[in-house]
Amino acid sequence: MKRRRIDSWDPEWLKWAASSAQRSSRPWVIAGVVGVWSYFLPQASFHHFPAVLGEWISQDGPYNEHLVRDHGAMYLALGAASAYGLMRPSQIGYRLLGIAWTVFGVLHFAYHVTHLGHMPATDTASQVAVLVVAVLLGIALLISGRTPVSEEMGNR
């Protein structure tokens, strides 16, 4: 695919982005890494997440093992559902995953953008960028480039 500048609403680019997100393994890989780290190593996750971009969780209050493990369990659940979606692709599956990832992403974003005052500017910018990308990936899963369900059912 050749590179092109996106400077206006481009439905072809949006279809390509949605199709790429649907075929992508990124959601389950991200969910797996975050989930395993948070669930099985909660204190390390609390003090060092996301490591490469800073240490965001520990800046937001005292350590709570229950909360960190619940965070890991939720990511593992989303990751398992996403992995299943990759193995058994369908329009309805992508839409359900899109709903789950988008609801989580929007609520996660809403919390964090209202609690940025304690963070350095670089951490604030990184965190907002990562959370926006997560929401966009969820939305991309909602946009199906696949055959309508009625046509899929007729081909069985």
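These numbers were taken from a predicted model, which means no experiment stands behind them. Throughout, residue positions are numbered sequentially from 1 according to the sequence presented.
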* To do: Could you list all the salt bridge (Lys or Arg N to Asp or Glu O under 4.0 Å) pairs where at least one residue sits in residues 66-86, not counting sequence neighbours?
  => E65-R69
* Got a donor-acceptor contact below 3.5 angstrom from the T102 side chain to the I139 backbone? -> yes
* Asked: Can you find a heavy atom in the side chain of Y75 that is under 4.5 Å from one in the side chain of F104?
  -> yes
* To do: Could you tell me whether the side chain of Q127 reaches within less than 4.5 Å of the side chain of V113, counting heavy atoms only?
  => no
* For L76, all residues meeting side-chain contact (heavy atoms from CB on, under 4.5 Å), sequence neighbours excluded -> V36, Y39, F40
* Asked: Linking I/L/V/M/F/W/Y whenever any side-chain heavy atoms sit under 4.5 Å apart, do F109 and L116 land together?
  -> yes
* **Verdict with reasoning, R95 to L141, per side-chain contact (heavy atoms from CB on, under 4.5 Å)** => CA-CA 6 Å; R95 289 204 174 140; L141 286 168; over 6 Å; no
* Asked: Side chain of S45, backbone of L41: donor and acceptor closer than 3.5 Å?
  -> no
* Asked: So, do W101 and S82 sit near enough that their side-chain heavy atoms are less than 4.5 Å apart?
  -> yes
* Geometric class of the H115/Y111 ring pair [parallel <30°, tilted 30-60°, perpendicular >60°] -> parallel
* In terms of hydrophobic clusters joined by side-chain contacts under 4.5 Å, are Y94 and Y84 together? -> no
* To do: For the residue pair Y63 and H47, categorise the inter-ring angle as parallel (less than 30°), tilted (30 to 60°) or perpendicular (more than 60°).
  => parallel
* To do: Could you state whether V128 and V106 fall into the same hydrophobic cluster, counting links through intermediate Ile, Leu, Val, Met, Phe, Trp or Tyr residues with side-chain heavy atoms under 4.5 angstrom apart?
  => yes
* To do: Only counting residues at least two apart or in another chain, list the ones meeting side-chain contact (heavy atoms from CB on, under 4.5 Å) with I99.
  => V103, L142
* To do: State plainly whether one hydrophobic cluster holds both M119 and V132, where clusters connect Ile, Leu, Val, Met, Phe, Trp and Tyr through side-chain heavy atoms under 4.5 angstrom apart.
  => yes
* Asked: Same hydrophobic cluster for V135 and L131, using side-chain heavy-atom links shorter than 4.5 Å among ILVMFWY?
  -> yes
